[in-house]
Amino acid sequence: MNSQGEFIAALRDLKQRSGLTYRQLEKRAAEQGKVLARSTLADVLAGKRLPVPDVLDAFVHACGEGDQVDSWQQARASIAEPAAAVALQRRRSVWWPAAAALVVLAAAGTWFAVSGGQDPPAGTSVPTSPVRIRPVAAPDLCLTDGHVRDGRYGPLVAVQRPCSAVAPQTTTLEPLGSGAYRIVWHHPQFGKGCLKVLEDGLLEPWDDCTKATPFTLEHAEAEYTLRVEGRGCVGIAGTGESAEALVGECDQRFVIDTA
């Protein structure tokens with residue numbers, strides 16, 4: 001492998017040989033005590049970046065070829081060193097366009113945050129596709145994917161993050177009848193994931209939606225309680241960005257509006 005393109009193509013072949021999805025690779029890495037975020041892996045396999053050594057180690061082990069990790073690391077190092085030198089030479093020329101793009105994206109994110117759907121009037125049916133699920137206590141934050149802050153669990157779970165940073169992932173609600181819904185995430189690279197309540201109350205997206213948890217939406221004045229039968233209700237553990245969603249006391253409400 002003499003180029004970054006060849007190296008990334010070999011990584012894609014490795015994933016294909018494993019037969020595992022992004023979620024399954026992330027979960028297998030976590031079981032091995034390693035961190036392999038799906039978003040990071042997707043960027044790597046899309047050719048946007050080289051994996052850092054820890055990510056490469058976690059990926060190769062998760063694919064079941066841990067005995068080959070030294071060879072992979074050597075190949076990566078031989079490619080990364082010249083690439084870093086080229087990047088340093090180009091940094092000054094590409095910085096301004098990159099900064100300008102960030103300003104445009106920030107403006108777009110602000111527009112999205114302030115011009116999204118309004119709260120549904122009391123008594124109306126809940127919107128289903130696509131939606132924002134926003135804690136009443138933090139209306140600028142949306143329920144989406146992220147990692148547990150203390151690192152006790154590796155795979156992605158439901159957390160609250162700025163609504164402007166959720167794209168390209170979208171959220172829909174699938175009606176199950178009697179006021180119950182599945183909460184479904186859609187991502188162009190990760191595919192479809194339906195939230196399931198784990199033993200410790202965290203909410204994890206599962207590929208098999210038949211095993212997902214039904215959430216009963218109890219409506220009161222344009223706000224909703226997300227109840228899980230026999231377990232309690234969805235709430236946010238703490239405050240601020242990246243706080244995890246947990247099922248427990250029924251003392252928190254959410255606004256559900258059109259994205």
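Residue numbers run from 1 in the order of the sequence given.
- Judged by the 6.0 Å and 45° rule, Lys211 forms no cation-pi pair with Trp206.
- At least one side-chain heavy atom of Leu156 sits less than 4.5 Å from a side-chain heavy atom of His147.
- At a threshold of 4.0 Å, the pair Arg161-Asp145 counts as salt-bridged, since one of the basic side-chain nitrogens sits closer than that to a carboxylate oxygen.
- Grouping the Ile, Leu, Val, Met, Phe, Trp and Tyr side chains by contacts below 4.5 angstrom, directly or via other members, places Ile183 apart from Val157.
- Contact record, Leu141 with Pro135: O-CD, 3.3 Å, taken as the closest heavy-atom pair.
- Between Ile8 and Val44, some side-chain heavy-atom pair lies under the 4.5 Å cut-off.
- With contacts defined as side-chain heavy-atom distances shorter than 4.5 Å, the pair Leu195/Phe215 qualifies.
- Residue Leu202 is not grouped with residue Val197 when hydrophobic side chains (ILVMFWY) are merged at heavy-atom distances under 4.5 angstrom, including chains of intermediate members.
- In this structure, His187 contributes its side chain and Pro168 its backbone to no donor-acceptor pair below 3.5 Å.
- A continuous path of hydrophobic side-chain contacts links Leu36 to Val69 [ILVMFWY only; heavy atoms under 4.5 Å].
- Between Gly154 and Glu26, the closest heavy-atom pair is O-OE2, 4.2 Å.
- Remark: Phe59 CZ to Ser18 OG distance equals 6.5 Å, nearest 0.5 Å.
- Put simply, the side chain of Lys15 gets close to the backbone of Leu20: a donor and an acceptor are under 3.5 Å apart.
- How far CD of Gln74 is from CD of Gln68: 10.5 Å, rounded to the nearest 0.5 Å.
- From Leu41, atom CG reaches atom CD of Gln189 across 9.5 Å, with rounding to the nearest 0.5 Å.
- For the pair Trp72 and Leu11, the minimum side-chain heavy-atom distance is below 4.5 Å.
- Taken to the nearest 0.5 Å, the CG atom of Leu246 stands 10.0 Å off from the CG atom of Leu198.
- Residues Phe254 and Cys233 are not in side-chain contact: their nearest non-hydrogen atoms beyond the backbone lie 4.5 Å or more apart.
- No side-chain heavy atom of Val126 sits under 4.5 Å from any side-chain heavy atom of His219.
- Remark: the backbone N or O of Leu45 is paired with a side-chain donor or acceptor of Arg12 at under 3.5 angstrom.
- No side-chain heavy atom of Thr213 sits under 4.5 Å from any side-chain heavy atom of Val247.
- Taken from CG in Leu56 to CG in Leu14, the straight-line distance is 9.0 Å, to the nearest 0.5 Å.
- Val184 and Ile256 are not part of a single hydrophobic cluster, where members link through side-chain heavy atoms under 4.5 Å apart.
- A distance-only check finds no donor-acceptor pair linking the side chain of Gln32 to the backbone of Ala58 [under 3.5 Å].
- Looking only at distances, no side-chain donor or acceptor of Arg76 sits under 3.5 Å from a matching main-chain atom of Leu50.
- Side chain of Arg28 to backbone of Ala62: a donor-acceptor contact under 3.5 angstrom is found.
- Looking only at distances, a side-chain donor or acceptor of Gln252 sits under 3.5 Å from a matching main-chain atom of Ile236.
- Minimum interatomic distance between Arg182 and Ala212 (heavy atoms only, all atoms of both residues): CD-CB, 4.3 Å.
- Each of Val159, Val166, Val255 was checked for a side-chain contact (heavy atoms from CB on, under 4.5 Å) with Cys142, and the lone residue meeting it is Val166.
- Using a 4.5 Å heavy-atom threshold, the side chains of Thr171 and Leu143 count as separate.
- Val55 and Val35 fall into different hydrophobic clusters, defined by Ile, Leu, Val, Met, Phe, Trp and Tyr side-chain heavy atoms under 4.5 Å apart, directly or through other members.
- Distance alone, capped at 3.5 Å, is enough to place a donor-acceptor pair between the Gln160 side chain and the Gly240 backbone.
- Considering CZ of Arg38 and OG1 of Thr21, their distance stands at 8.5 Å, rounded to 0.5 Å.
- Shortest non-hydrogen contact noted between Ala237 and Arg149 is O-NH2, 2.7 Å.
- In plain terms, the two heavy atoms of Tyr181 and Leu176 that are nearest each other are C-CD1, 3.9 Å.
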